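First the structure, in the form of structure tokens, and then the observations on it.
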Amino acid sequence: MTAKGWARVRAAIRHEETDRVPTENILAAVDATHEFGVYPFKLVPKSRTPDQGRLLEETYGSIKMGRLIGSRLGEANMSRQEEILDQLYEHTLDGEVEPVVELTQEGLELGMGPLVLLFEALIPSLEEVGRLFESGEYFVPEMLVAARAMQGAMEILKPLIAETGAKPIGKFVMGTVKGDIHDIGKNLCNIMLEGAGFELINLGVNVPPEVFIEAIKEHQPDVLGMSAFLTSTMPMFKRNIEAIEKAGLRDQMKIIVGGAPVTQEYADTVGADGYAPDANSTVRLTKKLLGIIE
Ligand code: B1M
């Protein structure tokens, strides 16, 4: 990164408020993201929740889940599997791509399912990164390298999670709203949607209203999904929906919203058809809205 880039990162680090995004912070994050690359993947919900297996099974069906979840109980490998989860968690937290990639590969070789690695190590680690950032122990560069380490694992896991061989059951256009460059959570939703059989058109991050509108015209999706991860970019949902209404396209598809700070109440306020708190619920909500499940 250039000296100017680092200066911007330092400026971002000094900034103490997290629910407002000053221009220099955005520039810093954009610079830093360009430096470290974009993250073409996607994640899911809080891990280790008791009903997670049930939710995943509902979404994917028990046969497929057998393969996706894999085994955490193979007796001989049990302790190594536990170690792999712990080490994956730690190395992701420290932003170390190489060991993260190696551990992911080793875990898969030992028969651990991609979703186990995802839910029980990678996502909890990123949640911890967020907590450390909030408490002032981590700054933007640490967040970035952690995200980059996770990307290393996701590149390996994505095809395993997404492959179904099924015929598309609907078309989904997804994007992170203008001003927002977070894409890990959105991309995880994308993986899960693809895995559940949807054709997915990913518009990426920092998507302005006109690009959403063009994509609706071009792809005629059944569902449009918009993500926002900052309280300062959430208002873009309303602006986008208004622009879509103005373009006469609102009735063509369902619109759902999500992202860390978003709530059902907020989704109702902006006129979305639905809100989902995590990637699994996104799949279930989408299927419900399209009448595929009750
Ligand atoms: Co940023 N960041 N970040 N960040 N970042 C958060 C979001 C933050 C909560 C951290 C914190 O303060 N605790 C905070 C937002 C606070 C707020 O607005 N209230 C924050 C901030 C402040 C910022 C900057 C402003 C920092 C700065 O510059 N001072 C800056 C803004 C840049 C910008 O967008 N313009 C910034 C930058 C970055 C990085 C670039 C360094 C990096 C992003 C890398 C990337 O995405 N490629 C980053 C990261 C990594 C995070 C945290 C640590 C992790 C986000 C993540 O990937 N979580 C995050 C803290 C946190 O969330 N704990 C944070 C894991 C992911 C699986 O969860 O994203 O919630 P999540 O996605 C979930 C659900 O939300 C849901 O499903 C996903 C999977 O389960 N979901 C949907 C997501 N989209 C959905 C769409 C749907 C339905 C469900 O339907 C359409």
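Indexing begins at 1, ligand by ligand and atom by atom, following the structure's order. What you see is a predicted model, and the numbers here were worked out from it, not measured in a lab.
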Review point. So between Asp183, Asp180, Thr231, whose heavy atom ends up nearest atom 45 (C) of ligand 1?
Key: Asp183

Exercise for review: For atom 1 (Co) of ligand 1, find the closest N/O/S atom belonging to His182 and write down its atom name.
Suggested key: NE2

Exercise for review: Just let me know how Phe229 lines up against ligand 1, side chain, backbone, both or neither, with a heavy-atom cut-off below 4.0 Å.
Suggested key: both

Point to revise | Residue part near ligand 1, for Arg131, under 4.0 Å between non-hydrogen atoms | key: neither

Point to revise | Winner among Val129, Thr233, Leu126, Leu193 once heavy atoms are compared against atom 58 (N) of ligand 1 | key: Leu126

Exercise for review: Heavy-atom distances under 4.0 Å are what count here, so tell me which part of Val257 touches ligand 1: side chain, backbone, both or neither.
Suggested key: backbone

Check your understanding: Heavy-atom contacts under 4.0 Å between Asp278 and ligand 1: side chain, backbone, both, or neither?
Key -> both

Review point. Counting only N and O atoms by type, is there a donor-acceptor contact under 3.5 Å from the side chain of Lys171 to the main-chain atoms of His219?
Key: yes

Exercise for review: Quick one: list whatever passes salt bridge (charged side-chain N to carboxylate O under 4.0 Å, His left out) with Glu128, sequence neighbours left out.
Suggested key: Arg131

Revision key, fill the gap. Ligand 1 atoms nearer than 4.0 angstrom to some heavy atom of Ala260 are 70 (O), 75 (O)

Check your understanding: Under 4.0 Å from ligand 1, counting heavy atoms only, is it the side chain of Pro277, its backbone, both or neither?
Key -> backbone

Practice item. Verify the cluster assignment for Phe133 and Leu126: are they in a single hydrophobic cluster under the rule of side-chain heavy atoms below 4.5 Å apart? Key: yes

Review point. Can Glu242 and Arg239 be counted as an ion pair, charged N to O under 4.0 angstrom?
Key: no

Exercise for review: With heavy atoms under 4.0 Å as the rule, classify the contact between Pro261 and ligand 1 as side chain, backbone, both or neither.
Suggested key: neither

Review point. Pick from Val223, Thr286, Asp222: which one makes a side chain to side chain contact (heavy atoms under 4.5 Å, CB included) with Phe198?
Key: Thr286

Practice item. Answer yes when Asp273 and Arg250 have at least one side-chain N-carboxylate O distance shorter than 4.0 Å, and no when they do not. Key: yes

Point to revise | Ile181, Val223, Thr282: member with heavy atom nearest to atom 34 (O) of ligand 1 | key: Ile181

Practice item. Apply side chain to side chain contact (heavy atoms under 4.5 Å, CB included) to Ala272 and list each qualifying residue two or more places apart in sequence or on a separate chain. Key: Ile241, Val257, Ala267, Val270

Practice item. Out of Glu134, Glu127, Met226, Met143, indicate the one that has the non-hydrogen atom closest to atom 52 (C) of ligand 1. Key: Met143

